[in-house]
Amino acid sequence: MENLKVNILQLPLPHTDLQTLSFSAGHVLFWPPTGRVWVLNSSAALAWDFLQKKFKKEAAIAAFADFFDIPEELADQGMNTALDSFAAEGLLEGGTPQPLPVEQTWPQPLATEYSLPSVAQQHSRQINVAGLRIGLYIDDKSLADWFNNLLSPFAGEQPEKPTKINLVATANETKPETFDVAADSTLWLEQAPRDQVVPALMTLIFMHASARLKTSMLLHAAVLVRNHTALLLPAESGSGKTTLAAELASRGWTFYSDELAVLDPLSGHILPLALPLSIKSGSVAALQRNYPQLATLPVWNRTDGKQVRFLTPPLESLPRQRSGVKVSRIVFPAFHENGDDVLQPLSKGDALQLLAQTGSSDRVSTLEDIRAMIALVEEADCRQLFFTDCHTAAETLDSL
């Protein structure tokens, strides 16, 4: 019985492979195998400190009560809540921290030994976009002309070390009214209708542009720049971030991206990754005030069933160089159909937790990535925006 009593009073030990990083709002725990982070508030951080220092539970409760100036009964409840949470997340010795579920964002190849048809091996077009040197062949002249015109505003000089990729859309041999879409020797789409070709090619450009950014951390966020500092709009699909990005670009902001924020972990700067905006049908009416041509643009069908139009923001909004900028403000947007527009402050802890959840780097995040993300939140003004109308939301962001 005496040994049982000692065991009850001894706090469990933390998982030995977790790394603890300092953070103004508490602690950040980092799990290197998966790149996942946990953000601990001040009470959970204090409890974690007690585990690391191998406190007896009775001493930990007394210290907890003293630190927060609360009765020991409440301190005991607080410690137990923290311990239950740590155990549930696998953060204690003997546990297994679990990675966050990752939504599959890229298509899967149909064949990796695809042979390009001979007609496609002579590319009539070459274009530099998003750090890629693209050889483009589309077996439909009007479609090829339209797609080339779509990419042209985003084209730049050939980078020093470009990633070279051949993108091909050729008529399927057995079903000539459809297309096979390939990148080099990989077949991605077979017998696709004509209206799926452009979204498929845009996905491949986006995928290969992201893959070449191996030293950067990618965050699922829109980025707009004004006065040499960036506004970050991190959110999942359907939040309205692309609609907001298009609206802000029409108001004089520089458009860096509507989908991925490219964070350089060494400098903490955000780099541009400007590509055409993918506007869903539900946002067309909202954006027509500043983009009257939007309703006349072709409608394309993505393989996920969603209809989109590809929009070029005002040419003057496109970045003229690849220089990075510091982030001055992080606003998490959330569109809702009914309710008031609300812009409210967000605690550093909540902001970091939300930002970590929207991270979308395909590679496992490194310790340098997490430190850069912490610094990003520490230095920025963090807020949350609930909005029903992109115009009033943009006015609110303009006023900041």
What about [X] and [Y], same hydrophobic cluster or not, with Ile/Leu/Val/Met/Phe/Trp/Tyr joined at side-chain heavy-atom distances under 4.5 Å?
{"X": "Met207", "Y": "Phe310", "answer": "yes"}
{"X": "Leu74", "Y": "Phe64", "answer": "yes"}
{"X": "Val299", "Y": "Leu201", "answer": "no"}
{"X": "Leu367", "Y": "Met217", "answer": "yes"}
{"X": "Leu233", "Y": "Val342", "answer": "no"}

Got a sec: does the [atom1] of [X] have more than 12 other heavy atoms crowding it under 6.0 Å?
{"X": "Arg371", "atom1": "CZ", "value": "no"}
{"X": "Glu113", "atom1": "CD", "value": "no"}
{"X": "Phe68", "atom1": "CZ", "value": "yes"}
{"X": "Asp304", "atom1": "CG", "value": "yes"}
{"X": "Asp340", "atom1": "CG", "value": "no"}
{"X": "Glu73", "atom1": "CD", "value": "no"}

Under a 3.5 Å cutoff, is there a donor and acceptor pairing between the side chains of [X] and [Y]?
{"X": "Asn41", "Y": "Ser43", "value": "yes"}
{"X": "Asn149", "Y": "Ser152", "value": "no"}
{"X": "Thr170", "Y": "Asp139", "value": "no"}
{"X": "Thr388", "Y": "Asp341", "value": "yes"}
{"X": "Gln10", "Y": "Lys57", "value": "no"}
{"X": "Ser142", "Y": "Arg194", "value": "yes"}
{"X": "Asn172", "Y": "Thr174", "value": "yes"}

Closer than 3.5 angstrom, by distance alone: can the side chain of [X] be matched with the main-chain N or O of [Y] as a donor-acceptor pair?
{"X": "Arg309", "Y": "Leu294", "answer": "yes"}
{"X": "Glu259", "Y": "Ser257", "answer": "no"}
{"X": "Asp369", "Y": "Thr366", "answer": "yes"}
{"X": "Asn80", "Y": "Asp76", "answer": "yes"}
{"X": "Lys326", "Y": "Gly268", "answer": "no"}
{"X": "Arg251", "Y": "Ala394", "answer": "no"}
{"X": "Asp184", "Y": "Asn166", "answer": "yes"}
{"X": "Lys348", "Y": "Glu378", "answer": "yes"}
{"X": "Thr81", "Y": "Gln77", "answer": "yes"}

For residues [X] and [Y], report the shortest heavy-atom separation together with the two atoms involved.
{"X": "Trp253", "Y": "Leu397", "value": "CZ2-O, 4.0 Å"}
{"X": "Tyr291", "Y": "Ala246", "value": "OH-O, 2.7 Å"}
{"X": "Pro97", "Y": "Trp38", "value": "CB-CH2, 3.5 Å"}
{"X": "Ala183", "Y": "His208", "value": "CB-CE1, 4.0 Å"}
{"X": "Val377", "Y": "Ala351", "value": "CG1-CB, 4.1 Å"}
{"X": "Pro234", "Y": "Ala221", "value": "CA-CB, 3.4 Å"}

[X] side chain near [Y] side chain, heavy-atom distance below 4.5 Å:
{"X": "Pro12", "Y": "Leu83", "result": "yes"}
{"X": "Pro276", "Y": "Met202", "result": "yes"}
{"X": "Leu260", "Y": "Leu213", "result": "no"}
{"X": "Gln196", "Y": "Phe179", "result": "no"}
{"X": "Val327", "Y": "Glu379", "result": "no"}
{"X": "Leu354", "Y": "Ile330", "result": "no"}
{"X": "Val262", "Y": "Leu218", "result": "yes"}
{"X": "Leu248", "Y": "Leu231", "result": "yes"}

Checklist entry - Going through the checks in order, is the side-chain contact (heavy atoms from CB on, under 4.5 Å) test met by Ile374 and Val37? => result CA-CA 11 Å; Ile374 292 172; Val37 299; over 6 Å; no
Working to the nearest 0.5 angstrom, can you tell me the gap between [X] [atom1] and [Y] [atom2]?
{"X": "His27", "Y": "Leu18", "atom1": "NE2", "atom2": "CG", "result": "12.5 Å"}
{"X": "Ile61", "Y": "Glu72", "atom1": "CD1", "atom2": "CD", "result": "7.0 Å"}
{"X": "Leu51", "Y": "Leu13", "atom1": "CG", "atom2": "CG", "result": "8.0 Å"}
{"X": "Leu244", "Y": "Lys241", "atom1": "CG", "atom2": "NZ", "result": "10.5 Å"}
{"X": "Asp350", "Y": "Leu355", "atom1": "CG", "atom2": "CG", "result": "12.5 Å"}
{"X": "Leu187", "Y": "Leu110", "atom1": "CG", "atom2": "CG", "result": "5.0 Å"}

Under the ring pair (Phe, Tyr, Trp, His ring centres under 6.0 Å) test, which residues partner [X], sequence neighbours left out?
{"X": "His15", "answer": "Trp31"}
{"X": "Phe255", "answer": "none"}
{"X": "Phe50", "answer": "Phe55"}
{"X": "Phe86", "answer": "Trp48"}

Next on the checklist: Can you pull out every ring-ring contact (aromatic ring centres under 6.0 Å, His included) where at least one residue sits in residues 146-165? Sequence neighbours excluded, please.
Outcome noted: Trp146-Trp300
Next on the checklist: With side-chain contact (heavy atoms from CB on, under 4.5 Å) as the criterion, how do Thr20 and Val28 come out once you've worked through the C-alpha distance, each side chain's angles and the decisive distance to 0.1 Å?
Outcome noted: CA-CA 6 Å; Thr20 305; Val28 174; over 6 Å; no
Checklist entry - Going through the checks in order, is the side-chain contact (heavy atoms from CB on, under 4.5 Å) test met by Ser365 and Ile370? => result CA-CA 7 Å; Ser365 297; Ile370 304 307; 4.0 Å; yes
Next on the checklist: According to salt bridge (Lys or Arg N to Asp or Glu O under 4.0 Å), does anything in residues 42-55 pair up with another residue at least two apart or in another chain? List the pairs.
Outcome noted: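 For residues 42-55, and leaving out neighbouring residues, there are no salt bridge (Lys or Arg N to Asp or Glu O under 4.0 Å) pairs at all.
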Checklist entry - Between Arg125 and Asp145, does at least one N-O distance fall below 4.0 Å, as a salt bridge requires? => result yes
Item to check | Full working for side-chain contact (heavy atoms from CB on, under 4.5 Å) between Val223 and Val325 | outcome: CA-CA 10 Å; Val223 184; Val325 293; 5.7 Å; no
